[in-house]
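All heavy atoms count here, side chains included; hydrogens, waters and symmetry mates do not. Per chain, numbering begins at 1; letters A, B, ... match sequence-line order.
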There are 2 protein chains.
Amino acid sequence: MKAKHEVGTRERIVQATSRLMQRHGYEGTGLKEISREAQATLGSVYHFFPGGKLELAVEAIGEGDREFAELLRGVLARVDDPAEAIAACTRELADGMRASDWQDGCPVTTAALASSRRLPEVRDAAERAFANWHGIVRGKLVASGIDEETADELAHTVVSTLEGAEMTAQITRSTAPLDAAGTHLARLIRSYL
Amino acid sequence: MKAKHEVGTRERIVQATSRLMQRHGYEGTGLKEISREAQATLGSVYHFFPGGKLELAVEAIGEGDREFAELLRGVLARVDDPAEAIAACTRELADGMRASDWQDGCPVTTAALASSRRLPEVRDAAERAFANWHGIVRGKLVASGIDEETADELAHTVVSTLEGAEMTAQITRSTAPLDAAGTHLARLIRSYL
DNA sequence: ACGTCACTAGAACGAACGCTCTATCCAGTA
DNA sequence: TACTGGATAGAGCGTTCGTTCTAGTGACGT
């Protein structure tokens, strides 16, 4: 029935979960809502994810991790100058934000933040995502000649500011925070080159 | 029965809501949980907040707004140099974070982020909070001699970075993001003085 | 042709949700 | 003393939640 080229049920479920939790968080997303959005039945959801909502959330956060990492890696590879590259990231994020009418913030943060305290597995998945992004930014900075210790610290601020600015932009429905973040992160990075 | 000096029921309810939503978000916090934590009954909750959970959340976010604004205003008034003052803020946040064993992040963000799309009143309350904080930081920068346009933009980045670093610190259970944010925000501000 | 098994399908369960409702309590006033 | 009304108290409403369970489908190997 299912051709090789079309998206399988399992993947549809993960993507629907990621998309929904990106907008409404872990607690705000229901399993029936997920199965409806993924065009799958509850039976299929539990077939692929016997661990239920928790297992599904961990998988969805992993998906969000990969998405953001891909955006990051893509832009950082395309733009040589690290300061310019980070600024380009903020522009990319602003575009996505505007395109979704300020619906889609960071898929990891929104999904994990409120439930991280009660669900260690969710927190761990989110922590892995942050570590992943930090490593990507850090690598770019080191490759640009910044010493490892400085790059490590700077990468923390880059990730924090990108996340914070995206969140602020979402709440205020304005790209101003992301625009400012781009300007200032570029200036900050340049001061270390 | 109730003496003037002790905390009234209404205030206890608001504070319990703020505290609980700070940790578990809007959807993750139940009204019975709130009434239990506030040592009030459901009847009292609906007596003071006929609008139910939504009205309660808006009030709680306002409370979180005031809390963070007070911290900000306190530190910015105490430390003259704006770069040093913002760095001191990150230290204060890191202390609070560690003291709560990484339970208590930003009361506004955690409460509002996941539900902001479905509940405009919640989003509006959170937006007012961000605008408030932005104004406070902006005022400090202008008072330090930075021109208005630059200060406005810079205040956006300061708020975004503080929020993002607090969130990252919470998820990763480390003060490293906040420490880095302090160092780099100070450096950034200094570059405009 | 038949059996196997991954997958689909959705009814049904107990628990928890937000909220409504009636009953009661008690300080203040007449 | 009797009345009033803000505040307290919690049982119970209908709904939705995550999860479990059984039944059914259909592609594939033998």
Quiz item: Is there a donor-acceptor pair closer than 3.5 Å between any side-chain N or O of B/Arg123 and the backbone N or O of A/Ile171?
Solution: yes
Quiz item: Is the count of non-hydrogen atoms from other residues, nucleotides or ligands lying under 6.0 Å from B/Asp80 atom CG greater than 12?
Solution: no
Self-check item: Atom-to-atom span, CZ of A/Arg118 to P of C/dA16 - whole angstrom
Solution: 12 Å
Quiz item: D/dT20 P sits how many Å from A/Glu55 CD, rounded?
Solution: 12 Å
Quiz item: Relative to the ring of A/Tyr192, is the ring of B/His184 parallel (under 30°), tilted (30 to 60°) or perpendicular (over 60°)?
Solution: perpendicular
Quiz item: Name the one of B/Thr109, B/Val108, B/Asp124 that satisfies side-chain contact (heavy atoms from CB on, under 4.5 Å) with B/Ile61?
Solution: B/Val108
Quiz item: Looking at A/Tyr26, does the NZ or CZ of A/Arg118 lie under 6.0 angstrom from its six-membered ring centre and within 45 degrees of the ring axis?
Solution: no
Self-check item: Under 4.0 Å protein heavy-atom contact, by nucleotide of nucleotides 5-19 of chain D - B base, S sugar-phosphate only
Solution: -SBBBB-B-----BB
